[in-house]
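Data block below; observations after.
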Amino acid sequence: MTQKRKIRVMVAKPGLDGHDRGARIIARAYRDAGYEVVYTGLHQGPMEIVQAAIQEDVDMIGLSSLAGAHKYNFPKVVELLKEQGVDDIIVCGGGIIPEEDIPELKKQGIREIFTPGTSLDEIVAWVEENVHPRNREG
Amino acid sequence: MTTIVDKVIAGEVRTVARLIRDIDDGIPEVRETLKALYPHTGKAHVVGITGAPGVGKSTLVDQMINRLRKKGKTVGVLAVDPTSPFTGGAILGDRIRMQRHSLDDGVFIRSLATRGHFGGLTQSTRSAIDVLDAMGKDYVIVETVGVGQDEVDVVKSAETTVILVIPGMGDDIQAIKAGILEIGDIFVINKADREGAEKTHSDLTLMINMDLKKYEGGKWKPPILKSEAVFDKGVEELLEEIEKHRRYMAEFEKGGLTTLRSEKARAELAELVKNRLLEEVFNRLIDSGDFDKAVESVAAGEVDPYTACDDLLLSRIDAIK
Ligand SMILES: Nc1nc2c(ncn2[C@@H]2O[C@H](COP(=O)(O)OP(=O)(O)O)[C@@H](O)[C@H]2O)c(=O)[nH]1
Ligand SMILES: [Mg+2]
């Protein structure tokens with residue numbers, strides 16, 4: 001069929017904080033942009049996120065954090081992906097993340113961080129520009 | 001190519017995941033891979049679970065996985081959710097209920113969207129089932145929202161179809177009557193902790209007993225079970241019935257009644273041929289621009305649509321002959 005590859009994104013919420021409103025909002029924005037959004041719910045460990053992302057063959061993982069879980073969890077996801085031999089799934093983060101943490105997170109392989117100041121349109125525009133479903137190979 | 005096939009058979013997760021993506025994205029090259037995988041299929045027991053949104057399908061599947069794993073069985077899951085007809089996007093949330101199995105390498109879970117490709121859902125889901133089967137999963141469970149014809153067709157590619165309802169779904173029982181009844185091998189009233197489970201049970205019993213002749217000669221009569229998926233109640237009984245149905249199917253076929261197998265083959269092949277025709281002929285018409293030219297002629301009143309259709313197709317069909 002002559003149809004384009006569809007972007008698949010996973011929205012996941014590592015850490016212990018208790019609500020996922022932000023994650024749900026971003027999931028809906030992605031859906032409205034025409035993506036397939038795999039949503040895995042609350043309290044996900046980094047390894048669970050990575051395994052799910054591999055099984056779902058997503059192009060990007062969007063991690064959401066509200067209560068400081070980002071410092072450990074975000075880089076851990078990147079590290080585990082690498083360990084599993086995966087180098088083509090982009091990892092982004094969002095939520096309440098102090099500005100001063102951002103450079104370090106980026107250094108550790110988080111491609112972009114969206115803070116509460118970033119609009120949904122801006123986030124989608126970023127994905128459009130940076131996430132390209134891979135071309136065919138084995 | 002061979003390496004993809006070998007890796008799938010070896011159960012290599014990443015390869016399987018990517019192959020399913022290629023199937024879903026309609027990459028033509030997967031056809032060769034699927035051909036090579038086909039001889040390695042037919043071992044898994046394929047179970048379809050269908051029912052309205054929110055009846056507890058994913059919760060039930062999660063408990064089934066848990067129990068099957070304890071019995072040493074491996075499980076593949078395909079969870080199908082609808083694509084938004086307006087945006088083409090989808091939120092696939094079934095995994096939420098099953099995430100506890102994501103570290104278990106005896107379990108492979110994949111969320112799929114219906115995508116609305118001309119009935120292609122059935123074909124791509126069926127191919128994905130084949131992949132999980134070839135990968136060596138003992139059970140492949142397909143969760144679908146039982147509404148559209150597409151979903152009903154998906155369910156038809158399962159060997160055992162479980163229809164899930166909840167108490168007090170009077171209208172839904174009507175809907176079942178209207179079409180899904182025939183395809184249900186097992187009925188489960190989930191959320192039996194809620195009021196009205198008895199009433200739903202007797203409604204369903206009545207419906208199934210309406211045509212008792214159907215079950216004469218030892219034919220399978222759908223059992224009606226009750227469950228409370230969220231409390232892990234009634235799940236073992238369901239697995240037992242599924243196993244009974246599997247054995248029944250095996251006997252049924254052995255008894256010379258190969259109609260079942262040939263019905264499935266007919267449906268599958270018809271689907272493949274239709275889709276392939278669409279793909280080869282229709283898409284080519286579009287790509288060549290001939291279709292658009294014909295559209296303009298019809299719109300301009302230069303030709304009637306019937307003649308335009310003949311013009312577009314007949315020469316090509318002759319070429320096939
Ligand atoms: N009371 C009750 N709630 C249940 C039962 N099974 C599932 N649920 C709840 O029903 C909701 C929908 O379940 P889900 O599995 O997502 O339904 P699906 O849309 O059919 O896949 C969830 O909140 C479940 O916890 C049950 O047996 N009893
Ligand atoms: Mg579900």
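Within every chain, numbering begins at 1; the chains are lettered A, B, ... in the order of the sequence lines, protein sequences first and strands thereafter. Excluded from the calculations below are hydrogen atoms, water molecules and symmetry mates; all remaining heavy atoms, backbone and side chain alike, are included. These figures come from a predicted structure and were not determined experimentally.
- Only the backbone of B:Val107 comes within contact range of chain A, with at least one heavy atom under 4.5 Å from a heavy atom of that chain.
- Taking chain B as the reference chain and counting heavy-atom pairs below 4.5 Å, the highest number among A:Ala33, A:Gly41, A:Ala52 is found for A:Ala52.
- In this structure, B:Lys43 places its NZ atom where more than 12 heavy-atom neighbours from other residues, nucleotides or ligands lie under 6.0 Å away.
- Applying the salt bridge (charged side-chain N to carboxylate O under 4.0 Å, His left out) definition to pairs two or more places apart or across chains, those involving residues 57-66 of chain A are A:Asp57-A:Arg134, A:Asp57-B:Arg21, A:Asp59-B:Arg21.
- Note: A:Phe114 and A:Trp126 have perpendicular aromatic rings, judged against thresholds of 30 and 60 degrees for the angle between ring planes.
- Neither the backbone nor the side chain of A:Gln84 comes within contact range of chain B; no heavy atoms are under 4.5 Å apart.
- Using a 4.5 Å cut-off between heavy atoms, A:Val86 contacts chain B through both its backbone and its side chain.
- When the side chain to side chain contact (heavy atoms under 4.5 Å, CB included) test is applied to B:Ser288, the partners found at least two apart in sequence or on another chain are B:Asp290, B:Arg316.
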